[in-house]
Amino acid sequence: QKEVEQNSGPLSVPEGAIASLNCTYSDRGSQSFFWYRQYSGKSPELIMFIYSNGDKEDGRFTAQLNKASQYVSLLIRDSQPSDSATYLCAVKVGRQLTFGSGTQLTVLP
Amino acid sequence: GAVVSQHPSRVICKSGTSVKIECRSLDFQATTMFWYRQFPKKSLMLMATSNEGSKATYEQGVEKDKFLINHASLTLSTLTVTSAHPEDSSFYICSAYKNRAGPSNQPQHFGDGTRLSIL
């Protein structure tokens, strides 16, 4: 069983819509959860992190964490074509990060 | 701005060549750096944890004699792919935590990555 699972997609949404990205993890000792965006050929860049149950909002992005269900999600409101990228969920245990396989998002103009 | 610098950004070389990749922390000291490898359309896989002044910790399945890591200073870690072969072609990325004793929720900062192509 993979430690961090994501739907690989591709996920396509029209411009202006809400994109919903999901991630589940297996290690209940996981402490922090991160969402990274990776454009093709580039290294990951941090979008958000969350470590408490509930929602955390930052601009158009909202991260949601449910530790009981071992589930973390990322909502992107008012999606823009520039949001088209692969989104990586990463889970931290200790000082190590474990990444999911990523979800490819395409925002259609 | 960038907090981790990685060089070179791209390497193309012949099979059998050894390739060195540098990872530098900018304006902070990194006692620990991480080296990842990413194959096309795959996720980042941790290869090893580089520890300043001591041996690197390698993940299961990663050959330490193949991927030599040196972390001789608080701002520089190097990864040398020895006698590289086509199957070593990949995207190699390093990262570091900016605050050594920072909170557990602090993110890793990534370098821009090195695209290695072995002919």
Side-chain angles (χ1 to χ4, degrees), chain A residues 2-10 21 23-25 27 29-54 56 58 61 63 65 67 72 74 85-106, chain B residues 1-10 21 23 30-52 56-60 62 89-117:
Chain A
K2 289 184 179 178
E3 296 181 26
V4 181
E5 290 205 48
Q6 293 182 254
N7 187 327
S8 61
L21 306 165
C23 174
T24 58
Y25 60 95
D27 190 337
S30 302
Q31 302 154 316
S32 312
F33 308 86
F34 302 82
W35 283 100
Y36 285 86
R37 176 174 61 197
Q38 187 176 28
Y39 292 111
S40 180
K42 302 293 184 182
S43 66
E45 54 179 324
L46 180 69
I47 297 176
M48 290 189 69
F49 67 87
I50 186 168
Y51 56 91
S52 297
N53 276 327
K56 179 181 179 182
D58 184 0
F61 300 96
L65 175 61
K67 290 186 178 180
V72 59
L74 179 70
T86 297
Y87 288 80
L88 300 170
C89 171
V91 174
K92 188 175 179 183
V93 179
R95 289 178 63 81
Q96 284 195 357
L97 278 182
T98 300
F99 285 85
S101 56
T103 298
Q104 184 180 345
L105 171 67
T106 300
Chain B
V3 296
V4 175
S5 172
Q6 191 172 339
H7 178 81
S9 59
R10 185 171 181 92
I21 303 170
C23 181
T31 55
T32 302
M33 291 185 175
F34 303 90
W35 287 97
Y36 295 86
R37 179 169 54 184
Q38 186 178 34
F39 291 108
K41 298 192 182 299
K42 300 293 184 182
S43 190
L44 277 74
M45 297 300 295
L46 180 65
M47 298 176 65
T49 302
S50 173
N51 304 299
E52 187 271 333
T57 304
Y58 290 83
E59 295 301 300
Q60 190 173 5
V62 178
S89 299
S90 188
F91 192 45
Y92 292 85
I93 313 172
C94 69
S95 71
Y97 289 109
K98 193 170 183 179
N99 297 314
R100 185 192 319 180
S104 61
N105 57 15
Q106 65 166 321
Q108 285 186 13
H109 296 276
F110 288 87
D112 286 339
T114 297
R115 177 79 54 193
L116 177 61
S117 299

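Chain identifiers are assigned alphabetically (A, B, ...) following the order of the sequence lines, protein sequences preceding nucleic acid strands; residue numbering begins at 1 within each chain.
Remark: B/Lys42 pairs with B/Phe39 by the side-chain contact (heavy atoms from CB on, under 4.5 Å) rule, at least two apart or across chains. In this structure B/Glu59 satisfies the salt bridge (charged side-chain N to carboxylate O under 4.0 Å, His left out) test with no other residue, sequence neighbours excluded.
Heavy atoms of B/Leu46 lying under 4.5 Å from chain A belong exclusively to its side chain. Heavy-atom distances place no part of B/Gln6 under 4.5 Å from chain A, backbone and side chain included. For A/Tyr36, the part lying under 4.5 angstrom from a heavy atom of chain B is the side chain only. Only the side chain of B/Thr49 comes within contact range of chain A, with heavy atoms under 4.5 Å apart. Neither the backbone nor the side chain of A/Glu45 comes within less than 4.5 Å of any heavy atom in chain B. With a 4.5 Å cut-off on non-hydrogen atoms, A/Leu46 touches chain B through its side chain but not through its backbone. Residue B/Thr32 touches chain A through its side chain alone, counting heavy-atom pairs closer than 4.5 Å.
Between the A/Gln6 side chain and the A/Cys89 main chain, a donor and an acceptor come within less than 3.5 Å of each other.
The residue among A/Pro44, A/Ala90, A/Gly102 with the most heavy atom pairs within less than 4.5 Å of chain B is A/Pro44. Ranked by heavy-atom pairs shorter than 4.5 Å toward chain A, the options B/Lys41, B/His109, B/Gln38 are led by B/Gln38.
Below 30°, between 30° and 60°, or above 60°: for B/Phe110 and A/Phe99 the angle between ring planes is above 60°, a perpendicular geometry. Taking the six-membered ring for Trp and thresholds of 30 and 60 degrees, B/Tyr97 and B/Phe34 have ring planes more than 60 degrees apart, a perpendicular arrangement.
Note that B/Arg115 lies in the cation-pi zone of B/Phe91, set by a 6.0 Å cut-off to the ring centre and a 45° limit from the axis.
When all heavy atoms are compared, the tightest approach of B/Pro8 to B/Thr114 is O-OG1, 2.5 Å.
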